[in-house]
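Since the structure comes first, as structure tokens, the remarks are kept for the end.
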Amino acid sequence: MIFFWFFLLFAWCGDWLDFLAYLARVQQGSIAAVVLAAALAGWVPMRLLQPCVDRADRAPMDRAAWVILVLMGGFFLFKAAVPDTSTDVEYYHLYLQSPGFRDVFGQNFAPAALGSVIYPLADRLFYWFRMLLGYRLGTVLNCLLAMLVFFQVRDLYLSFWRAHWGASVLAGASVLVYQLVMQLGGSYMVDLVALPLLLEMLRCALFAPARQKGDVYYFAFLAAAVLTVKLNNVFYVLPLGLWFLWHSRRLLSFRCLALSLAVLWLPGSLYAVYSFLETGSPLYPFYNAIFQSPYFPVLNVLDSENRWGPVSWAERLCWPWHLALYPGYRLCELVEPLAAAHLGGLLAAVCFLLWGLWSRSWREGHALEWGLGLVFLGSAYCWTFLSGYARYFLFGMILGNIVFVRGLFLLRGCGWRRLTAVLLVPLLLAPVLAFYETGLGHEWSWRERRFHSGYRQELGRFLRDRQLVSAEQAAQVGAFVQLDVHGSAYAHIIRPD
């Protein structure tokens with residue numbers, strides 16, 4: 001986790017230095033700025049964050065964990081051989097990877113269209129991987145993030161599951177059961193970047209309650225980092241934050257709250273200010289009915305599409321269940337065929353809440369189950385009312401599996417071992433289907449044909465694709481003519497000027 005903090009803070013410190021250079025109208029991205037950003041990123045985790053991170057239990061590796069890591073790494077590298085050509089990556093993700101802040105409505109008119117000023121911190125993490133390893137292997141960051149998420153879920157399971165190999169198998173199944181995770185192999189999509197931070201928030205809120213004010217500041221910084229990486233993560237920050245604040249209320253004072261709010265505001269402030277200076281809206285293009293930027297119609301960006309999410313109050317009340325039972329209805333471009341696994345977490349959470357409401361003594365003696373149920377269902381309904389788009393509920397699905405496994409642990413402890421084994425079978429077998437379907441090309445780049453023909457030629461381009469075209473070819477480009485936004489990021493990479 002500490003290495004992930006370093007890369008995240010390195011990108012963030014570099015953006016702060018570039019933003020100051022942007023305001024001063026001087027050169028951005030100098031070697032001195034890169035060195036200073038690396039020094040700051042190394043100092044902050046070691047001096048300020050290390051004490052909090054060290055409190056997480058670290059369990060030794062077992063054979064099951066090694067097997068799962070090999071399977072994950074092999075599959076993600078298998079997909080990386082064929083380059084990512086998904087729509088959003090060609091549209092703005094590659095553009096946002098490049099460090100620096102630009103006059104997007106001056107020198108060039110919105111090079112990545114509506115994505116030109118979206119908060120870029122998550123995309124920045126991929127930049128150095130792409131520069132060092134090339135376009136194909138640059139996506140290896142998503143593989144490393146998936147492995148980190150596996151370790152974090154495994155550590156949570158080991159807090160109540162004694163067998164190391166059993167916790168490893170359950171953690172692997174909990175993370176890999178959904179195609180939404182497998183589809184990010186070989187991709188520059190950023191949906192995995194926030195998961196380690198959210199799981200750390202979950203650990204701090206439910207598995208390792210705050211003991212001193214430093215833990216409060218650490219949790220506030222986690223929340224700020226999660227929102228800066230992707231604003232849609234507010235679905236999870238709200239219920240986790242409320243639970244944490246309630247159980248840490250004895251540590252809170254006016255000074256502590258003020259400093260926590262300052263910590264919460266700091267990480268994303270430069271991106272909000274930059275967006276406001278360029279467009280007149282700190283959240284461009286979202287919620288433009290409120291901020292009314294002149295570069296977008298006066299409406300909320302999702303209102304203009306109206307493709308995803310519930311359309312009535314009845315659907316809003318049932319939408320988390322829709323995800324499990326009707327995955328093809330207004331949830332995502334790619335249907336998640338294994339969304340039924342989400343049903344186990346929903347049922348377990350409802351049982352925890354009903355049991356807790358019925359028996360106060362059970363609620364007080366099972367605070368973990370009570371908290372997991374509240375946070376999970378709270379996140380599910382925050383997601384329902386604010387979005388309803390399945391890909392943004394990726395952490396919620398993994399959290400549902402954690403709730404489900406905790407419920408199975410209670411059943412096992414009550415002597416229902418056979419029932420526990422029967423309920424575990426679908427969770428353990430589902431990742432096989434996820435590997436199979438995604439390997440066939442059911443993912444954002446639709447690489448099925450490339451997997452079947454010309455795969456050897458693609459493998460030969462590993463580490464040889466740091467540039468899309470040669471410098472001589474790029475110099476011959478006089479202008480780009482685009483009929484839509486697709487490919488705009490490639491144009492920026494070929495001729496940044």
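All values derive from a computational prediction rather than experimental measurement.
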For L197 against A225, the heavy-atom pair lying closest together:
CD1-CB, 3.9 Å

Does the W12 side chain pair with the main chain of P267, one donor and one acceptor, at a distance under 3.5 Å?
yes

Would you check if the side chain of N288 reaches a backbone N or O of S293 as a donor-acceptor pair within less than 3.5 Å?
yes

Taking the six-membered ring of W313, is the NZ or CZ of R316 close enough (under 6.0 Å from the centre) and on axis enough (within 45°)?
yes

Do you see a donor-acceptor pair shorter than 3.5 Å between the side chains of Y329 and E315?
yes

Give a yes or no answer on whether the side chain of S269 reaches the backbone of L266 with a donor-acceptor pair at less than 3.5 Å.
yes

If you count every heavy atom of other residues, nucleotides or ligands that lies below 6.0 Å from F276 atom CZ, does the total exceed 12?
no

Is there a donor-acceptor contact under 3.5 Å linking the side chains of Q183 and Y178?
no

Measure the shortest side-chain to side-chain distance between Y217 and C256 over non-hydrogen atoms and say whether it is less than 4.5 angstrom.
yes

Can you name the nearest heavy-atom pair linking C382 to L238, along with the distance?
SG-CD1, 4.4 Å

Check whether any side-chain heavy atom of L195 sits under 4.5 Å from a side-chain heavy atom of V175, and report yes or no.
no

How many angstroms lie between atom CG of L77 and atom CG of L137, to the nearest 0.5 angstrom?
6.5 Å

Any salt bridge between D88 and R391, counting N to O under 4.0 Å?
yes

Counting heavy atoms not belonging to R250, are there more than 12 under 6.0 Å from its CZ?
no

N142 side chain vs M189 backbone, donor-acceptor pair below 3.5 Å
yes

Rounded to the nearest 0.5 Å, how far apart are OG of S275 and CZ of F291?
9.0 Å

Between the CG atom in L202 and the CD1 atom in I402, the distance rounded to the nearest 0.5 Å is 5.5 Å

Quick check: closest heavy atoms across Y119 and P282, and the distance to 0.1 Å?
OH-O, 3.0 Å

Sidechain-backbone polar pair: N233 side chain, L227 backbone, donor-acceptor under 3.5 Å
no

I want to check something: taking the side chain as every heavy atom from C-beta on, are I398 and V177 in contact at a cut-off of under 4.5 Å?
no

Please indicate whether F7 has more than 12 foreign heavy atoms, meaning atoms of other residues, nucleotides or ligands, lying under 6.0 Å from its CZ.
no

Would you please test D123 and V193 for side-chain contact (heavy atoms from CB on, under 4.5 Å) and show each step?
CA-CA 9 Å; D123 293 286; V193 174; over 6 Å; no

For Y188, give me all partners under ring pair (Phe, Tyr, Trp, His ring centres under 6.0 Å), at least two apart in sequence or on another chain.
F126, Y135

Between S253 and K213, the two heavy atoms sitting closest are OG-NZ, 3.5 Å

So how far is it from D84 CG to L94 CG, rounded to the nearest 0.5 Å?
7.5 Å

Looking at every heavy atom in both F129 and L144, which two are closest together, and how far apart are they?
CE2-CD1, 4.1 Å

Can you classify the ring geometry of Y236 versus F395 as parallel (below 30°), tilted (30 to 60°) or perpendicular (above 60°)?
perpendicular

Side-chain donor/acceptor of T228 to backbone N/O of A224, under 3.5 Å
yes

Could you tell me how the ring of H247 sits relative to the ring of W243: parallel (under 30°), tilted (30 to 60°) or perpendicular (over 60°)?
tilted

Taking the six-membered ring for Trp, are W308 and Y389 parallel (under 30°), tilted (30 to 60°) or perpendicular (over 60°)?
tilted

Working for side-chain contact (heavy atoms from CB on, under 4.5 Å), residues V229 and V190
CA-CA 9 Å; V229 164; V190 299; over 6 Å; no

In this structure, CG of L148 is separated from SG of C143 (nearest 0.5 Å) by 11.5 Å

Could you walk me through whether L394 and L192 pass side-chain contact (heavy atoms from CB on, under 4.5 Å), step by step?
CA-CA 8 Å; L394 180 55; L192 287 178; 4.0 Å; yes

Side-chain contact, heavy-atom cut-off 4.5 Å: C204 with D215?
no

Look only at the side chain of T384 and the backbone of W319, and say whether a donor-acceptor pair between them is shorter than 3.5 Å.
no

Would you check if V153 and L199 make a side-chain contact, meaning some heavy-atom pair closer than 4.5 Å?
yes

Sub-3.5 Å donor-acceptor pair from the side chain of Q152 to the main-chain atoms of P196, do we have one?
yes

First locate atom CG of L270, then atom CG of L277, and finally report the distance between them rounded to the nearest 0.5 Å.
11.0 Å

Tell me, do L323 and W383 make a side-chain contact under 4.5 Å, heavy atoms counted?
yes

Answer yes or no on whether R130 is positioned over the face of W128, meaning its NZ or CZ is under 6.0 Å from the six-membered ring centre and within 45° of the axis.
no

Please check this pair: side chain of Y284 against backbone of Y295, looking for a donor-acceptor N/O pair closer than 3.5 Å.
yes

Please indicate whether W321 has more than 12 foreign heavy atoms, meaning atoms of other residues, nucleotides or ligands, lying under 6.0 Å from its CH2.
yes

Can you check whether W5 and F221 have ring centres sitting under 6.0 Å from each other?
yes

Output every pair passing salt bridge (Lys or Arg N to Asp or Glu O under 4.0 Å) with a member in residues 372-383, not counting sequence neighbours, ordered by first then second residue.
none

Side-chain contact, heavy-atom cut-off 4.5 Å: Q212 with L251?
no

All pairs passing salt bridge (Lys or Arg N to Asp or Glu O under 4.0 Å) where residues 8-37 contributes a residue, at least two apart
D15-R124

Criterion ring pair (Phe, Tyr, Trp, His ring centres under 6.0 Å) on Y274 and Y22, from CA distance to verdict:
CA-CA 9 Å; Y274 169 67; Y22 158 81; 5.4 Å; yes

Beyond-backbone contact of P99 with Y127, side-chain heavy atoms, under 4.5 angstrom:
yes

Could you check whether any side-chain N or O of Q28 sits under 3.5 Å from a backbone N or O of F19, counting only pairs where one atom can act as donor and the other as acceptor?
no

After noting the C-alpha distance and the side-chain angles of W370 and V375, does the key distance pass the side-chain contact (heavy atoms from CB on, under 4.5 Å) rule?
CA-CA 9 Å; W370 176 251; V375 169; over 6 Å; no

On a heavy-atom basis, the closest approach of L121 and A11 is CD1-CB, 4.0 Å

